[in-house]
Structure formats: C-alpha cells, structure tokens
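I have placed the structure first, in the form of structure tokens, so that the comments after it can refer back to it.
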Amino acid sequence: MGSVHILEHPLLQHKLAILRDENTGVRDFREVVSEIATLMCYEATRDLPLQEVEIKTPVATDRFQVLAGKKLAIVPILRAGLGMVDGILTLIPSAKVGHIGLYRDPETLEPVEYYCKLPNDIAERDIIVLDPMLATGGSASAAIRFLKNYGCKNIKLMNIIAAPNGIERIQKDHPDVEVYCAAVDKCLNDHGYIVPGLGDAGDRIFGTK
Ligand code: PRP
Ligand code: URA
C-alpha cells in the first residue's frame, strides 16, 4: 500500500492555519499556497538520486554530490493545483509542467475531464501531481489513472489537506502512489467539502466567490 507522508513541520502548520482562516484574502491565500508547495516539495523530493562529480573549490579539488538529472514533471489538476506550480518551480525550475483539467460535478461529486496537455516524454518522467484538496479522491484518482494510461510509472501525489476518504481511495486505486499532505482532516460534509478544511481552494486562489 502506498505510504502517506503527513508533513508536520511547524512552518507548514502555521501557514496552513492562515489558509484555513476565512478572513484570509485572495492575495495572501495565493501567496501562502505557493509557499506551502515549496516547503512540501523539499520533503517530496528527498529521494531524488544524486551522482558524484569532481569540483574544484578555490582551495582544493574533490568529489561532491549533485542531482543525477532525473527527469521530473509536475502535473497540476486544474484549477486549484495551478496555485502550487510556482512554489514547486522555485526549487525545481527545470521541471516540465503538464496540465489536467478536471472539475467535480457538484451533484454526483464525480470528476469531469475538460483539458489535458502533457509533455511528449511524460512516460519517462517522475511525476508529482498537485492539488491542494484531496476530498473523495475522485479527481486525483482519475488524474493518476490518466497518467498511467500514458505509461507513467513513478507518480507522487501532493495535497495540502486530505480527507480520510480521499486517502483510502488513492490507496485502493493506486497502491503504488505515495501521498504527501500537510494535514489529514476529520471528514467530508454533505457537499463533499473537507471539514474543517479551508473551503473551496479554487475559489479562494482565484477569487471567484
Ligand atoms: C476541487 C479540488 C480537487 C477536487 C477535490 O476542485 O481542487 O480537484 O475538488 O475533490 P475530490 O477529491 O472529491 O475529487 P474543483 O472540482 O472544485 O475544481 P476547481 O479546482 O476548478 O475549483
Ligand atoms: N474541493 C475543495 O476545494 N475543497 C474541499 O473541501 C473539497 C473539494
């Protein structure tokens, strides 16, 4: 079963509390989502392979570790996942970015696909799927299925807040995928919103409500 990494760093928890506050405005919300993505990226890339190279410092020549240059792609689930992209690119500026557009039907809570554009060599890349919210898990599970149909093998999922239902769904549908989140909240309400959560992430990032 895929592991779930709950990142409890104090900086992350503090920033998450800012997102949860209903009085946090669009500008701060957007900025903090991006900062959280950067901090989470640091943890989610712990297993990146290194290789030794020779480097001459001003004092001596020696062998040092640098990234082995493994190909990465990040794939935000539109819309809300877009808010996490810049935060990740701060640390991995050369990552390719694919987009998968899904929205959740408000009646059925089932994901509906409306857009997909991925790098040509996506199947050769290690992938981090981005979405601030993992509620029923339907959207993330569909996005991961989609990527697997393109031949992708090494996929991680990064969410800011997850619900227990969403985690169960990913573990059932995609036991090979590791989930990274900053909190696992209590439950979902009757509208499929995470409780206590932070509300509608897309609306709060883009100011559409
Ligand atoms: C939200 C969120 C996830 C999805 C999570 O997107 O960003 O993609 O809901 O719910 P699930 O785990 O039950 O599928 P939404 O459908 O509101 O679209 P948006 O990002 O365009 O606002
Ligand atoms: N999507 C959101 O944006 N928020 C939730 O709480 C659940 C799904």
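Quick note: numbers below take in every heavy atom, side chains included, and nothing from hydrogens, waters or symmetry partners. Remember, it's 1-based here, ligands and their atoms both numbered in the order they're listed.
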Item checked: Spatial distance of atom NE2 (H14) from atom NE2 (H9) [nearest 0.5 Å] -> 12.5 Å
Item checked: Within-shell test, R104 vs ligand 2, heavy atom, strictly < 4.0 Å -> yes
Next item on the list: To the nearest 0.5 angstrom, please state how far the NE2 atom of H174 sits from the CZ atom of R169.
Entry: 7.5 Å
Next item on the list: State plainly whether one hydrophobic cluster holds both I88 and L48, where clusters connect Ile, Leu, Val, Met, Phe, Trp and Tyr through side-chain heavy atoms under 4.5 angstrom apart.
Entry: yes
Notebook entry, point to check: Got L12 and L16 here, is their nearest side-chain heavy-atom distance under 4.5 Å?
Noted result: no
Check: Going by the angle between their ring planes, with limits at 30° and 60°, are Y103 and Y114 parallel, tilted or perpendicular?
Finding: tilted
Item checked: Side chains of Y115 and E113, donor plus acceptor under 3.5 Å -> no
Next item on the list: Verify the contact flag for atom 12 (O) of ligand 1, where contact means a protein heavy atom under 4.0 Å away.
Entry: yes
Checklist line | Whether G192 lies under 4.0 Å from ligand 2, heavy atom | finding: yes
Item checked: Part of A80 with heavy atoms under 4.0 Å of ligand 1, whether side chain, backbone, both or neither -> both
Next item on the list: Pick whichever of R104, E110, R79 has a heavy atom sitting closest to atom 15 (P) of ligand 1.
Entry: R104
Note to self: Closer than 4.0 Å to some heavy atom of S139 - which atoms of ligand 1 meet that?
What the structure shows: 4 (C), 8 (O), 11 (P), 14 (O)
Next item on the list: Compute whether any side-chain donor of one residue and acceptor of the other, for Y180 and N159, lie under 3.5 angstrom apart.
Entry: no
Item checked: More than 12 heavy atoms of other groups within 6.0 Å of F64 CZ -> yes
Next item on the list: Would you check whether D131 has a nitrogen or oxygen atom less than 3.5 angstrom from a nitrogen or oxygen atom of ligand 1?
Entry: yes
Item checked: ligand 1 contact by G192, heavy-atom criterion under 4.0 angstrom -> no
Note to self: Less than 4.0 Å is my threshold; does some heavy atom of G199 fall inside it relative to ligand 2?
What the structure shows: yes
Margin query: Give the atom numbers and elements of ligand 1 that come within less than 4.0 Å of a heavy atom of M133.
Written below: 3 (C), 5 (C)
Checklist line | Polar contact flag for A140 and ligand 1 (N/O pairs, less than 3.5 Å) | finding: no
Notebook entry, point to check: Does the side chain of E43 come under 3.5 Å of the side chain of H5 through a donor N or O and an acceptor N or O?
Noted result: no
Next item on the list: Return the residue, atom name and 0.1 Å-rounded distance of the protein heavy atom closest to atom 17 (O) of ligand 1.
Entry: D200 OD2, 3.9 Å
Next item on the list: Evaluate the 4.0 Å heavy atom contact test for atom 1 (C) of ligand 1: does a protein atom fall under the cut-off?
Entry: no
Note to self: Need the ligand 1 atom indices (1-based, order shown) with element for anything under 4.0 Å from a heavy-atom of G202.
What the structure shows: 22 (O)
Next item on the list: Considering heavy atoms of the protein only, find what lies nearest to atom 6 (O) of ligand 2 and give residue, atom and distance to 0.1 Å.
Entry: I194 N, 2.7 Å
Next item on the list: Quick one: look up the protein heavy atom nearest atom 3 (O) of ligand 2 and list residue, atom name and how far away it is.
Entry: A201 N, 2.8 Å
Checklist line | Closest protein heavy atom (residue, atom, distance) for atom 5 (C) of ligand 2 | finding: Y193 CD2, 3.4 Å
Notebook entry, point to check: Looking at Y103, which atoms of ligand 1 are within less than 4.0 Å of one of its heavy atoms?
Noted result: 16 (O)
Next item on the list: Please determine, by modelled atom types, if T208 and D203 share a side-chain donor-acceptor pair under 3.5 angstrom.
Entry: yes
Check: Is there a donor in the side chain of S141 and an acceptor in the side chain of D173, or the other way round, less than 3.5 Å apart?
Finding: yes
Check: For ligand 2, which atoms have a heavy atom of A135 less than 4.0 angstrom away?
Finding: 7 (C), 8 (C)
Check: So, T136 and R104: side-chain donor and acceptor under 3.5 Å apart, yes or no?
Finding: no
Notebook entry, point to check: When you look for heavy atoms under 4.0 Å from ligand 1, do you find them on the side chain of T136, its backbone, both, or neither?
Noted result: both
Check: Based purely on interatomic distance, does L134 place a nitrogen or oxygen under 3.5 Å from a nitrogen or oxygen of ligand 1?
Finding: no
Notebook entry, point to check: Closer than 4.0 angstrom: is that true for some heavy atom of L109 and an atom of ligand 1?
Noted result: no
Notebook entry, point to check: Can you tell me if CD on E22 sees more than 12 non-hydrogen neighbours from other groups inside 6.0 Å?
Noted result: no
